[in-house]
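It should be emphasised that the depicted structure is a prediction, and the values quoted were computed from it without experimental measurement.
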Amino acid sequence: MLSITATAFVPAAATAAEGPTVTTRYGQVRGKAGETANSYLGIPYAAPPVGSQRWKPPAAPERWPGVRDATAPGNPCMQAAGSSPWGDLAGPGTPSEDCLYLNVHTPAQRSLQKRPVMVWIHGGGFTVGSGTFYDGSKLAAKGDVVNVTFNYRLGAFGYLAHPGLAEESSHGLSGNYGLLDQQAALRWVQENIAAFGGDPDNVTVFGESAGGGSVCQNLVSPRAIGLFDRAVAQSGCGFPLPAQESQQKNGTAWADSLGCADVACLRTTPAAEVLRASLSPTARWTPNVDGKVLPLQVPDALERGRFHRVPVLQGTTADEGRLTVATTYDLAGRQLTAAGYPVAVRALYGERADEILARYPLSDHGTPAEALGAVFTDSQFACLQSRTASLMAAHTRSYQYEFADRHAMDYLNLPISFPIGAPHGSEIRYVFGSVSGTPAQNALADTMLGYWTNFAKTGVPYAADAPRWNVFPKVQTLAPEAITGRTTFPEDHKCDLWNRPAS
């Protein structure tokens, strides 16, 4: 009886040359075996959202005959070509509307027990990125978990709200297609992950930046109930979102710029033309508060306790905003000067500028770029995350961290004139087990992977030979020099300034 039970939790055997084969609800897939992890790439979790299905909620994929090759990723979703300090976030493949694919990474070693599942939602400002850019094989092998990454519709393809689309909807709503894709991927996990050795009753959703924001949006979405058991939001949770009405108004104006007065015209416009038009600097592609998929702004829902009461781990990096400064100035061929610092603050913050400049004087920072980076860090990330962690703590186990390896990106040798510190996105490779740095950095990465994966297993972040991680209001500072807990995070980031109620 034991052997029968065990085989239910592991992929079906196949020869090494063929690769491991798994039977999903929609057909068989053959992946590729690795020394420490097996990978199954490019599995469709929804039907292609093309033609008449453009700007509609995702539909179930069709079944396929025989064994599907799962050794190469599916196409990334439509997005403009671009670069980041880490490379092209679209990953391999050619961007396409036919892009709703996911990847599963499992430990190569068999297990008699179902493993916890960690589902990654990629970032990229809701306009760029892919699941395949993040290799989950090391996380799966080192953490003894099943890792899932996936693509979801981006930009105009994922977030266009328009009255014509709302008329088609039984709820009178439009937009949020990318968010619905995420929920479709999570439903696929519920239905299929046991075949890969994963436990559908122990699923952690985690993501960074727009992915972290998406985690929190799913936390407050009634349609995500029962789809996950724990949540990790990295560098993104309480981002303010537009209302459905304003997004539909903006969507109408954008459609007019394409020469389209109705949905039929929009759906017959070539994807490349839609993408080109979507790059307008006045367009904002993001989820919207529609009253149904997203009933409320995330902080408002948290404050009212209207969210899925699962344990949540969330946090930020110590120097989130320096990446924005680097890309706006140094990497664009110019430097921020002392004279330019107040000009930049006034342009961004208007009548609040004098108060902000008084709280962030140049004398407190090594360079003007570091001063502006601190303003961005605190206003856009640290204090939003501090507030959401506090609001959740009233209802569930809430853990907060600050990643503080000030040399996390030294390996990239970026051509910038100031220390970039621990900026936005610099913690991701530590979580995924992809660090090859100093002994202290490697040890920090091992500890962080342990914290994250044990949180996925138990709802409590802990790691071997690592300091205890206490619930909020303690904030776990993750640095190569030491891992410590502190309660001064709101003061350190001047959150009395940024979390002040609107007058």
Side-chain angles (χ1 to χ4, degrees), residues 116-123 136 139 143 145 147-148 186 202-220 224 227-239 298-299 302 307-318 320 381-382 384-405 422 424-433 444-464 466-479 483-487 489:
V117 182
M118 298 183 70
V119 181
W120 174 253
I121 305 179
H122 72 78
L139 175 64
V145 298
N147 175 247
V148 178
L186 288 167
N202 189 359
V203 175
T204 295
V205 61
F206 71 131
E208 186 270 347
S209 193
S214 296
V215 166
C216 289
Q217 290 151 21
N218 281 294
L219 269 172
V220 307
L227 296 183
F228 55 91
D229 307 278
R230 332 201 191 283
V232 181
Q234 300 171 209
S235 300
C237 186
F239 298 137
V298 168
L302 299 178
F307 68 100
H308 309 309
R309 306 294 180 80
V310 302
V312 181
L313 186 157
Q314 60 181 296
T316 50
T317 69
E320 292 276 3
F381 295 97
L384 286 175
Q385 205 99 39
S386 180
R387 182 173 181 232
T388 54
S390 176
L391 293 171
M392 290 181 192
H395 304 282
T396 191
R397 287 203 306 279
S398 176
Y399 300 91
Q400 187 183 355
Y401 70 87
E402 181 171 61
F403 175 75
D405 181 358
H424 191 62
S426 58
E427 89 291 359
I428 297 175
R429 67 191 191 108
Y430 287 66
V431 173
F432 274 84
L444 175 62
D446 289 343
T447 297
M448 288 177 61
L449 188 146
Y451 278 143
W452 261 245
T453 55
N454 284 320
F455 177 77
K457 293 168 186 175
T458 67
V460 176
Y462 66 89
R468 176 175 174 166
W469 190 328
N470 293 299
V471 295
F472 186 90
K474 277 286 184 74
V475 176
Q476 198 85 332
T477 302
L478 304 169
I483 295 175
T484 57
R486 76 187 201 268
T487 57
F489 184 91

Heavy atoms, side chains only, cut-off 4.5 Å: are [X] and [Y] in contact?
X: Asn454; Y: Val460; value: no
X: Val203; Y: Leu227; value: no
X: Val232; Y: Val312; value: no
X: Leu449; Y: Val431; value: no
X: Glu208; Y: Glu427; value: yes
X: Val117; Y: Val148; value: yes

Just by distance, no angles: are the side chains of [X] and [Y] close enough, under 3.5 Å, to form a donor-acceptor pair?
X: Gln314; Y: Thr388; value: yes
X: His424; Y: Ser209; value: yes
X: Glu320; Y: Ser235; value: yes
X: Trp469; Y: Gln400; value: no

| task | Given side-chain contact (heavy atoms from CB on, under 4.5 Å), test Val215 with Gln234 step by step and report yes or no. | result | CA-CA 9 Å; Val215 166; Gln234 300 171 209; over 6 Å; no

Side chain to side chain donor-acceptor pair (under 3.5 Å) partners for Ser214, two or more places apart: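 Once residues adjacent in sequence are excluded, the partners of Ser214 under the side chain to side chain donor-acceptor pair (under 3.5 Å) criterion are Gln182.
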
Mind listing the closest non-hydrogen atom pair of [X] and [Y] along with its distance?
X: Ala233; Y: Gly212; result: CB-O, 3.7 Å
X: Phe403; Y: Ser426; result: CE2-OG, 3.4 Å
X: Pro311; Y: Gly459; result: CB-O, 3.8 Å
X: Cys216; Y: Gly236; result: SG-O, 4.3 Å
X: Ser398; Y: Ala389; result: OG-O, 2.9 Å
X: His308; Y: Ala224; result: NE2-C, 3.7 Å

* Intermediate values then yes/no, side-chain hydrogen bond (donor to acceptor under 3.5 Å, both in side chains), Gln476 and Glu402 -> CA-CA 6 Å; Gln476 198 85 332; Glu402 181 171 61; over 6 Å; no

To the nearest 0.5 Å, how far apart are [atom1] in [X] and [atom2] in [Y]?
X: Leu478; Y: Thr317; atom1: CG; atom2: OG1; answer: 11.0 Å
X: Leu391; Y: Thr396; atom1: CG; atom2: OG1; answer: 13.0 Å
X: Asp405; Y: Thr477; atom1: CG; atom2: OG1; answer: 13.0 Å
X: Asn218; Y: Phe228; atom1: CG; atom2: CZ; answer: 5.5 Å
X: Leu219; Y: Cys237; atom1: CG; atom2: SG; answer: 7.0 Å

task: Would you please test Trp452 and Leu313 for side-chain contact (heavy atoms from CB on, under 4.5 Å) and show each step?
output: CA-CA 9 Å; Trp452 261 245; Leu313 186 157; 4.0 Å; yes

*Give the C-alpha distance, both sets of side-chain angles, the deciding distance and a yes or no for side-chain hydrogen bond (donor to acceptor under 3.5 Å, both in side chains) between Asp446 and Tyr430.*
CA-CA 8 Å; Asp446 289 343; Tyr430 287 66; over 6 Å; no

Look only at the side chain of [X] and the backbone of [Y], and say whether a donor-acceptor pair between them is shorter than 3.5 Å.
X: Asn147; Y: Met118; answer: yes
X: Arg397; Y: Val310; answer: no
X: Thr487; Y: Pro473; answer: no

Open item on the list: Just to verify, what does Arg468 make a salt bridge (Lys or Arg N to Asp or Glu O under 4.0 Å) with, not counting sequence neighbours?
Closed with: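 Arg468 satisfies salt bridge (Lys or Arg N to Asp or Glu O under 4.0 Å) with no other residue.
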
* **Counterpart residues, side chain to side chain contact (heavy atoms under 4.5 Å, CB included), relative to Asn202 (two or more places apart)** =>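 Expected list: Pro116, Asp199, Arg230.
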
Margin query: According to side chain to side chain contact (heavy atoms under 4.5 Å, CB included), who are the partners of Thr447, at least two apart in sequence or on a separate chain?
Written below: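 If we apply the side chain to side chain contact (heavy atoms under 4.5 Å, CB included) test to Thr447, skipping adjacent residues, the hits are Tyr451, Ala463, Ala466, Ile483.
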
**Message:** Between Tyr401 and Phe489, is the side-chain contact (heavy atoms from CB on, under 4.5 Å) condition met? List the steps.
**Reply:** CA-CA 10 Å; Tyr401 70 87; Phe489 184 91; over 6 Å; no

| Pairs involving residues 448-458, ordered by first then second residue, that meet salt bridge (Lys or Arg N to Asp or Glu O under 4.0 Å) (sequence neighbours left out) |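 Pairs touching residues 448-458 that pass the test: none.
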
For this session: Establish, yes or no, whether a centroid distance under 6.0 Å links the rings of Tyr399 and Phe472.
Result: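 For Tyr399 and Phe472, the ring centres are not under 6.0 Å apart.
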
Note to self: Taking ring-ring contact (aromatic ring centres under 6.0 Å, His included) as the definition, give me every residue that meets it alongside Phe206, ordered by chain and number, with sequence neighbours left out.
What the structure shows: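 Listed in chain order: Trp120, Phe432.
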
